[in-house]
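Residue numbers start from 1 in every chain, and the chains themselves are labelled A, B, ... in the order their sequence lines are given, proteins ahead of strands.
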Amino acid sequence: MTEERETPAGGAVATRWVEVAVGLVFVGLGFLVVADSHRVGASWGDDGPKSGYFPNIIGWILAASGAWIAGQTIYRWKRLAGQVFVTYADFKPVLAMLLPTIAYVILIKLIGIYVASALYIAGFMLFQGKYKWLPTLCVSLGVPGVIFALFEIWFLIPLPKGPLERMLGY
Amino acid sequence: MEDIGNLMQGFAVALAWKNLGFMLLGILLGVLIGVLPGLGGANGVAILLPLTFTMPPTSAIIMLSCIYWGALFGGAITSILFNIPGEPWSVATTFDGYPMAQKGRAGEALTAAFTSSFIGALFAIILITFLAPLVARFALKFGPPEYFAIQLLTFCNFVGMGRQPPIRSIASMMLGFALAAVGIDTVTGTLRMTFGSPTLLQGFDFLVAVIGLFGLGEIFLTMEEGLSFKGKSGKIDAKVVLKTWAELPRYWITSLRGCLVGCWMGITPGGATPASFMSYGMARRFSKNKDQFGDGHIEGVIAPETAAHAAGTSALLPMLTLGIPGSPTAAVLLGGLLIWGLQPGPLLFVEKKEFVWGLIASMYLGNIAGLIIVLTTVPWWAAILRIPFSIIAPVIVVFCAIGAYTVHNNMFDVAMMLVFGVVGYVFKKLKYPLAPLVLALVLGDMAETAFRQSMLLSGGSVRIFWSNPLVGSIVTLALIIFCWPFVSNVMGRMRSREPRAKSA
Amino acid sequence: MVRRIFSRAFVAAGVAAGFAFTPFPAVAAWEPTKPVEFVVPAGAGGGADQMARFIQGVVAKNNLMKQPLIVVNKSGGAGAEGFLEVKNAKGDPHKIIITLSNLFTTPLATGVPFNWKDLSPVAMLALDEFVLWVNAESAYKTAGDYVNAIKGGNNGQFKMAGTGSKQEDQIITVALEKVVGKKLTYVPFKGGGDVAVQLVGKHVDSTVNNPIEAIAHWRSGSLRPLCVFDSKPMPYPTKVTASQSWQDIPTCKSSGLDVEYTMLRGIFMPPGVTQEQVDFYIDLFKKVQAQPEWKKFSEDAAFNATTMSGKQFVDWLTRAEATHKRLMEEAGFIAK
């Protein structure tokens with residue numbers, strides 16, 4: 001999906017930057033793992049490997065592979081200039097999904113999963129799907145309703161609930 | 001042939017119309033449970049367990065085991081349609097099932113998955129029917145070194161074959177291992193990488209990672225590509241079942257291999273998840289169409305499904321004969337047996353004949369009923385893909401959130417799912433393979449535990465892995481399989497050194 | 001008491017019929033208004049989980065409670081997740097938790113900030129016994145035989161399998177090492193069922209399985225019990241095998257192995273609940289224990305059927321905590 005394209009209008013994130021960033025994240029995570037492994041003991045003890053023995057090796061390999069990927073990208077920096085990770089125009093819809101989903105997860109915590117789901121589905125249908133109110137209402141109330149019946153009433157699996165459900169006695 | 005007589009009596013028990021009713025109810029509930037991500041077979045059976053206390057034990061276990069079959073069938077549905085595996089052993093099904101659905105072959109993929117499940121289960125049931133006591137004793141041979149050997153074999157079978165650059169596979173797998181190590185170390189009880197946070201004590205659950213990486217990641221990608229599941233509106237009619245069936249006999253070797261791998265892993269008990277990965281890996285290795293794997297090749301659906309179900313079914317054998325559950329669902333069923341006053345163990349087959357053979361008979365009937373039910377619904381399931389993306393996408397996200405929450409009943413997991421979703425999006429775009437990460441996350445902890453238990457037993461000597469013919473041959477086989485791609489690669493390179501040098 | 005029966009009858013005439021069959025009609029005035037979460041701080045299929053699901057079944061079958069009991073497994077972090085959840089659900093009367101010894105061992109071994117005093121103790125349901133098992137084909141007929149063999153062997157030569165790390169099985173193993181004066185190799189496994197099968201398969205030399213984890217293998221002649229780690233033999237005279245009953249297993253102390261350990265199977269609630277709410281559950285579990293199913297379950301699992309609640313229970317907990325602390329300090333299991 002990172003095929004070469006002409007630099008599109010409106011700008012884009014170049015693959016090489018993301019590539020280097022992810023590589024460096026691996027290096028960071030790798031060192032974190034290594035550091036923690038040494039805390040718990042990373043050697044081969046009398047009766048086999050200690051708790052940190054395998055994580056230590058894993059951390060080093062992770063860091064090394066991250067460094068390799070980042071280094072390789074920098075080495076070929078010029079040649080990779082044309083590769084586009086995502087154009088800003090293409091990234092907009094991704095954000096349009098990502099940001100509401102972040103809000104949704106926070107809302108689950110605050111007002112429970114049922115109300116949050118209704119709002120989330122309704123918002124998505126209205127703004128992304130350009131649906132009219134009636135179908136939006138049907139789906140956005142219907143789906144959490146069915147889920148409520150399934151989980152809370154039928155299968156008796158408690159999901160996060162908020163003030164509305166408490167008011168209704170659940 | 002005393003067994004046959006017992007089995008016939010069992011059929012008489014299972015065919016009582018009341019038990020048939022429980023069977024159908026169980027299958028329907030099971031499919032529903034399997035489709036909802038996160039609910040899963042173990043949860044479903046546990047939830048309905050108390051309902052069955054008022055029933056006779058035989059009816060109760062028939063219904064519960066049918067829920068189990070139903071959930072096994074249902075687990076494949078979301079994997080194929082939405083790239084969201086509802087159960088760990090459905091992960092390998094997504095590798096080719098989802099690409100098939102994207103190419104408009106959802107009906108075919110579903111039919112292949114259901115039929116393979118049935119064949120795998122049937123094979124395992126026949127094995128249970130005739131070889132139960134013999135096979136049970138074999139499971140006793142499995143100590144920690146043998147478990148480690150099996151896990152090593154699964155790994156070796158799977159790695160080194162992806163088409164992605166190897167350095168990325170390595171990074172991805174190491175990340176999976178690192179995540180698997182977070183939490184309490186099983187062997188010494190040491191806290192690893194929790195950094196003082198009680199939330200991190202529970203570690204990273206595999207299902208949360210998978211729902212995020214595969215399910216959410218896919219939705220983000222689809223958003224970028226313009227709001228639709230592309231190319232999925234292929235023609236769907238009831239004839240797709242027959243057409244797919246006509247194609248299936250061609251892959252009988254893949255099926256048979258899946259059955260054998262699955263039964264072996266179910267009995268030992270390595271579990272259904274390693275079985276599905278191992279079977280997928282073997283199918284790819286031995287297939288004539290290696291290159292098509294991952295792009296929607298039907299063999300890539302047949303192999304993991306057959307093995308997962310053969311394993312899931314044969315896992316009931318060590319449960320009944322030894323009292324060790326081969327899967328989380330089996331663990332819950334085991335609890336049920338104890339509550340009904342049945343003592344699982346070697347004597348169950350002697351003392352509670354009616355119960356055991358009724359159960360075995362219901363396995364046959366339940367799987368047949370299940371196959372018929374799910375196959376008739378194939379067109380409906382496939383039709384879900386015609387729902388516009390802007391309706392189905394938020395609904396999928398809602399189900400993903402529920403799935404992630406129910407794993408540990410914890411909000412932290414829902415937040416983690418979102419993080420994994422972003423990781424999945426970035427990884428897919430940068431061509432990092434996700435399968436090694438998932439495999440490492442599932443097996444990493446188990447393999448490390450088994451390795452260190454072995455070391456405790458041997459006093460730190462790795463020679464324990466060649467201490468008897470069983471473990472020695474598995475380990476050796478694993479190492480040969482691991483090294484083979486490098487050897488053949490080097491040989492290939494030596495042969496084609498000239499042209500390569502030119503192109504570089 | 002009588003007044004309570006009537007008030008209960010008025011409040012819920014609908015379920016009164018269900019109670020007519022139970023010998024304990026008294027119910028506290030408070031009762032759950034929504035499904036009660038029954039937290040199990042361990043995975044599905046273990047001893048605590050089995051007991052919780054069994055109780056759930058008994059409650060549902062005999063209609064002992066108007067609202068359903070829902071078993072929720074929160075096994076993360078050696079049970080820490082379950083305990084923290086209950087600790088943080090301050091004042092929530094619709095949540096109860098069944099404990100195993102990780103009530104004491106998890107906070108000590110991991111440093112996770114909770115203590116049984118953070119929870120509201122409800123009742124002790126039973127004490128789970130531990131038995132020293134060896135493979136039936138081994139030469140050790142008594143605990144004395146086995147102890148002598150350990151004494152005559154090298155450090156680490158004998159292998160003990162157990163459930164989990166720095167938990168009850170390992171604590172017993174360490175206590176046993178102290179008495180014998182030789183080290184054993186302790187190999188931890190995930191569940192009690194696995195442990196028993198490892199012994200049947202002769203991958204280890206002994207286990208300290210709970211009775212219910214090993215009974216099937218004892219009956220089929222694969223395992224042999226040597227002694228029970230309690231102050232007196234188990235009180236169940238019914239023959240389990242052709243020749244032996246639980247009662248016939250001597251105490252370890254009488255066999256020259258002075259180690260005693262039992263595991264709490266108790267019920268706790270979140271902090272900040274009212275006495276009335278605690279009383280409801282005390283009463284509920286009394287009713288559960290009066291059912292014939294419970295009696296059979298108790299005997300199958302060979303529990304030490306001691307039950308207690310209120311101050312007596314708190315005193316017991318205080319003592320048990322001190323014991324665990326001492327044993328774990330001696331073993332070097334305390335988190336730094």
Side-chain angles (χ1 to χ4, degrees), chain A residues 1-2 15 18-19 22 26 29-30 32-33 36-37 40-41 44-52 54-55 58-59 61-62 65-66 68-69 85-86 90-91 93-94 96-98 101-102 104-105 108-109 113 117 120-121 124-125 128-129 131 139 143-144 147 150-151 155-160, chain B residues 32-33 36 39 43-44 47-48 167-168 170-171 174-175 177-178 181 185 187-188 190-193 195 216 219-221 223-227 388-391 393-395 397-398 401-402 405-406 409 411 414-415 418 421-422 425-426 428-432 448 451-452 454-456 458-460:
Chain A
M1 263 157 253
T2 49
T15 303
V18 187
E19 200 75 87
V22 171
F26 283 159
L29 283 176
L32 199 65
V33 173
D36 189 78
S37 314
V40 296
W44 188 285
D46 296 336
D47 43 8
K50 289 188 181 162
S51 290
F54 287 109
I58 287 160
I61 301 179
L62 184 62
S65 55
W68 176 266
I69 290 165
F85 181 74
V86 66
D90 280 346
F91 195 57
V94 178
M97 185 85 209
L98 182 60
T101 308
I102 294 173
Y104 170 60
V105 172
I108 295 178
K109 180 111 184 140
I113 202 163
S117 301
Y120 179 70
I121 296 173
F124 202 86
M125 284 180 69
Q128 289 292 334
Y131 282 92
V139 178
V143 171
I147 295 173
L150 264 180
F151 282 80
F155 287 143
L156 294 172
I157 300 175
L159 295 180
Chain B
L32 182 67
I33 284 167
L36 298 172
L39 251 185
N43 255 328
I47 292 154
L48 296 163
I167 185 79
R168 283 160 205 262
I170 292 171
M174 289 306 137
L175 189 63
F177 279 129
D185 163 24
V187 179
T188 59
T190 316
L191 305 187
R192 293 196 295 199
M193 287 173 262
F195 305 105
L216 275 188
I219 286 183
F220 290 143
L221 278 177
M223 282 302 284
E224 184 193 314
E225 284 155 24
L227 280 188
F389 182 75
S390 46
I391 295 178
V395 175
V397 175
V398 166
I402 294 173
Y405 179 81
T406 46
N409 298 303
M411 271 309 290
V414 184
L418 196 55
V422 175
Y425 170 73
V426 174
K428 267 264 175 77
K429 297 218 70 169
L430 292 182
K431 293 185 183 154
Y432 283 92
E448 193 202 343
F451 183 83
R452 287 169 59 195
S454 314
M455 289 299 102
L456 283 172
S458 71

*Who pairs with B/Thr190 by side-chain hydrogen bond (donor to acceptor under 3.5 Å, both in side chains), at least two apart in sequence or on another chain?*
A/Ser51, B/Thr188
_For B/Ser454, side-chain hydrogen bond (donor to acceptor under 3.5 Å, both in side chains) partners two or more places apart_ = none
Proximal component of [X], with respect to chain B [non-hydrogen, under 4.5 Å]:
X	answer
A/Pro49	both
A/Leu98	both
A/Val143	side chain

*Looking at the rings of A/Phe124 and A/Tyr104, which for Trp means the six-membered one, are their centres under 6.0 Å apart?*
no
What part of [X] gets within 4.5 angstrom of chain A, counting heavy atoms only: side chain, backbone, both, or neither?
X	answer
B/Val426	both
B/Leu418	side chain
B/Phe220	both
B/Ala181	side chain

Pick from [options]: which one has the most heavy-atom pairs with chain B under 4.5 Å?
options	value
A/Val139, A/Ile61, A/Ile113	A/Ile61
A/Ile102, A/Thr101, A/Ile69	A/Ile69
A/Val40, A/Leu150, A/Leu159	A/Leu159

Do you know which of [options] has the most heavy-atom pairs with chain A at a distance under 4.5 angstrom?
options	result
B/Met455, B/Met174, B/Met411, B/Glu448	B/Met174
B/Val187, B/Val397, B/Val414, B/Val395	B/Val397
B/Leu216, B/Ile391, B/Val422	B/Ile391

[X] vs [Y] side-chain heavy atoms within contact, under 4.5 Å:
X	Y	result
A/Ser37	A/Val33	yes
A/Trp68	B/Ile170	no
B/Met223	B/Phe389	yes

*asked:* Set out, in order, the CA-CA distance, both residues' side-chain angles and the distance that settles side-chain contact (heavy atoms from CB on, under 4.5 Å) for B/Lys429 and B/Leu221, then state yes or no.
replied: CA-CA 9 Å; B/Lys429 297 218 70 169; B/Leu221 278 177; 3.9 Å; yes
*Working for salt bridge (Lys or Arg N to Asp or Glu O under 4.0 Å), residues B/Lys428 and B/Glu225*: CA-CA 13 Å; B/Lys428 267 264 175 77; B/Glu225 284 155 24; over 6 Å; no
*Would you give the length of the straight line joining atom CG of A/Leu32 to atom CZ of B/Phe195, rounded to the nearest 0.5 angstrom?*
3.5 Å
